[in-house]
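Input: a single structure, listed below in structure tokens.
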Amino acid sequence: MESWLGRRFKFLISGLSLCFALQITLAALVAEVPAQAEGRDVRNWSIMGLDIRDYAAEFKVKVPISERRLVRHHKVVVNWHKVNPRQGVWDFSYYDGEISSILADGSSSILLLLQGPVPSWARDPYYGRFSDKAPPRNLAWWREFCSRIAARYGSVVDFYEIWNEVGFDRDGEAMRNFNVYHFGGQAETDYLPLLQLAYEAIKEQDPTALVICGDMITTNNPDPRAGTDLYALLFDEVGRPGQDISLMVESKGKIVAERPMYFNYMGSWDGGHDVVGALQPSTEWYFAEGCTRRTFDMWLCLQNPHNKSIQVTATYMFGPNQGANVMKTYTLSPTSRFTIKVDDEVGEEKDVSVKLTSSDPFIAERPMYFHYNWKWTGGH
């Protein structure tokens with residue numbers, strides 16, 4: 001069921017063995033791209049293409065060259081675990097053979113579909129049995145995979161699709177009805193970071209590449225109006241549920257910005273607080289006040305504004321007779337928020353201040369939520 005554009009293509013069963021032939025018009029895909037975007041006017045292309053696995057070992061052996069040369073556009077599925085089976089180990093031999101065989105037969109364009117399974121060493125246990133097709137523990141690993149693929153094949157590849165049929169996620173219709181999923185996270189909350197990082201990594205290595213969003217279809221209903229809800233949810237910055245977020249506000253003119261928050265914490269503490277955002281990242285942050293006593297929860301919220309992972313070291317300093325300083329180091333994924341519950345890091349019944357340092361500038365805040373002497377509740 002893998003596809004470039006979901007409902008926008010027609011399958012044509014060909015006389016070629018072991019393959020699907022597909023005809024695609026790219027007008028809808030690039031409707032908002034300038035006519036000569038990056039040197040390519042692809043809006044009116046009509047493509048007869050081929051999606052097949054094991055081109056070199058199967059298709060090339062069983063189909064004569066006179067028929068193989070009728071197919072000018074090719075799609076190759078690139079599985080992360082096959083290229084990067086162990087951390088730091090890269091094996092391109094299979095895909096070198098696939099692409100070399102395609103080029104030898106003649107090709108007008110190649111599309112690479114970059115997707116899982118995620119290598120076992122990179123899987124995030126948070127996603128449980130779905131972790132083979134979910135975001136990895138560290139998104140920087142995914143970015144490196146996309147970067148290496150584009151660096152190796154960018155000179156001969158035209159299109160990159162990011163993940164297959166993301167709309168069939170862990171709670172989608174296909175999973176509910178058929179126990180089938182192509183994305184192990186939540187499409188409306190987990191996919192966009194993968195798409196953004198892949199785009200950045202590919203464009204760095206292959207500036208003329210066309211990067212395509214994975215198919216967001218969520219239903220097998222033949223009604224073309226059905227199953228399109230994820231398009232709105234994926235790009236809805238307000239309505240995406242269940243997110244811990246950080247943000248950056250920019251303007252060409254001078255503005256004043258604050259961030260109010262109102263909450264009912266853990267179903268019992270209600271309150272609110274208001275902060276003015278940091279004007280710029282820093283390599284050092286200090287928080288003199290802090291408490292992990294029985295009715296206090298203390299947090300550190302860190303923002304990494306860079307397109308790379310960074311290391312942040314926290315030095316926890318305590319009140320009199322509460323023990324020696326504790327130092328811990330944390331890895332922040334690219335362009336992400338990282339949250340630390342200080343109570344879990346240093347134990348309860350502590351008065352604690354914190355120094356945060358990194359070789360790369362970052363943003364830090366310290367929220368506290370409390371129920372003080374059973375009279376005052378709130379946070380700051």
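Please read these numbers as outputs of a predicted model, since none were measured by experiment.
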How far apart are the C-alpha atoms of Asp206 and Tyr153, what are their side-chain angles, what is the distance that settles it, and do they pass the side-chain hydrogen bond (donor to acceptor under 3.5 Å, both in side chains) test? CA-CA 9 Å; Asp206 184 5; Tyr153 302 119; over 6 Å; no
Do Arg337 and Thr339 have side-chain atoms, one donor and one acceptor, less than 3.5 Å apart? yes
Who pairs with Ser251 by side chain to side chain donor-acceptor pair (under 3.5 Å), at least two apart in sequence or on another chain? none
Are any of the side-chain heavy atoms of Leu302 and Glu365 separated by less than 4.5 Å? no
Below 4.0 angstrom, N of the basic side chain to O of the carboxylate: do Arg123 and Asp132 qualify? no
Would you call Lys328 and Glu345 a salt bridge, using N to O less than 4.0 angstrom? yes
Restricting to ring-ring contact (aromatic ring centres under 6.0 Å, His included), what partner residues turn up for Tyr330, sequence neighbours left out? Phe338
For Thr315, the side-chain contact (heavy atoms from CB on, under 4.5 Å) test, sequence neighbours excluded, returns Met317, Asn325, Met327, Lys355
Take atom CD in Gln322; do more than 12 heavy atoms of anything else shown fall under 6.0 Å from it? yes
Working to the nearest 0.5 Å, report the span between CG of Asp344 and CG of Asp297. 8.5 Å
Which pairs pass side-chain hydrogen bond (donor to acceptor under 3.5 Å, both in side chains) with one or both residues in residues 275-292, sequence neighbours excluded? Glu284-Tyr286
Residue pairs meeting ring-ring contact (aromatic ring centres under 6.0 Å, His included), one or both in residues 95-124, sequence neighbours left out, come to Trp121-Trp141
Evaluate the salt bridge (charged side-chain N to carboxylate O under 4.0 Å, His left out) criterion for residues Lys350 and Asp343: first the C-alpha distance (whole Å), next the side-chain angles of each, then the deciding distance (0.1 Å), finally the verdict. CA-CA 8 Å; Lys350 299 276 191 179; Asp343 306 53; over 6 Å; no
So do Asn304 and Thr335 actually touch side chain to side chain, heavy atoms under 4.5 Å? no
Please name all residues satisfying ring-ring contact (aromatic ring centres under 6.0 Å, His included) with Phe145, sequence neighbours left out, ordered by chain then number. Trp80, Trp142
Quick one about Tyr191 and Asp169 (side-chain donor to acceptor, distance below 3.5 Å, no hydrogens or angles considered), yes or no? no
Spacing of CD1 belonging to Ile102 relative to CZ belonging to Arg68, to within rounding of 0.5 Å: 11.0 Å
Does Asp105 use its side chain to pair, donor to acceptor, with the backbone of Arg69 at less than 3.5 Å? no
Applying ring-ring contact (aromatic ring centres under 6.0 Å, His included), name anything that partners Tyr181, two or more places apart in sequence or on another chain. Phe130
If you round to the nearest 0.5 Å, how far is CZ of Phe296 from CD of Glu349? 10.5 Å
Would you check if there is a donor-acceptor pair between the side chains of His73 and Ser109 at a distance under 3.5 Å? yes
Would you say Lys75's side chain and Leu112's backbone share a donor-acceptor pair under 3.5 angstrom? no
Report yes or no: do Gln311 and Thr331 form a side-chain donor-acceptor pair below 3.5 Å? yes
Only pairs at least two apart or in different chains count here, so list each salt bridge (Lys or Arg N to Asp or Glu O under 4.0 Å) that has a residue in residues 133-148. Arg143-Glu200, Arg143-Glu204, Glu144-Arg148
Would you please name every residue forming a side chain to side chain donor-acceptor pair (under 3.5 Å) with Lys308, sequence neighbours left out? Asp360
Check the angle between the aromatic planes of Tyr55 and Phe59 and answer parallel, tilted or perpendicular using the 30° and 60° thresholds. tilted
Contacts of Tyr127 meeting ring-ring contact (aromatic ring centres under 6.0 Å, His included) (sequence neighbours excluded), chain-then-number -> none
Ion pair present between Glu58 and Lys62, side-chain N to carboxylate O less than 4.0 angstrom? yes
Can you list the other members of the hydrophobic cluster that holds Met248, where links are side-chain heavy atoms under 4.5 angstrom apart? none
What distance do Leu114 atom CG and Leu194 atom CG have between them, rounded to the nearest 0.5 Å? 11.0 Å
Below 4.5 Å, heavy atoms only, C-beta onward: do Gln303 and Phe362 meet side chain to side chain? no
Under 3.5 Å, side chain of Gln205 to main-chain N/O of Gly154, donor-acceptor pair present? no
What distance separates Leu210 CG from Tyr160 OH, expressed to the nearest 0.5 Å? 10.0 Å
According to salt bridge (Lys or Arg N to Asp or Glu O under 4.0 Å), does anything in residues 86-95 pair up with another residue at least two apart or in another chain? List the pairs. none
Between Tyr94 and Lys82, is there a cation-pi geometry (under 6.0 Å to ring centre, at most 45° from the normal)? yes
Which value, rounded to the nearest 0.5 Å, describes the distance between Leu197 atom CG and Leu192 atom CG? 9.5 Å
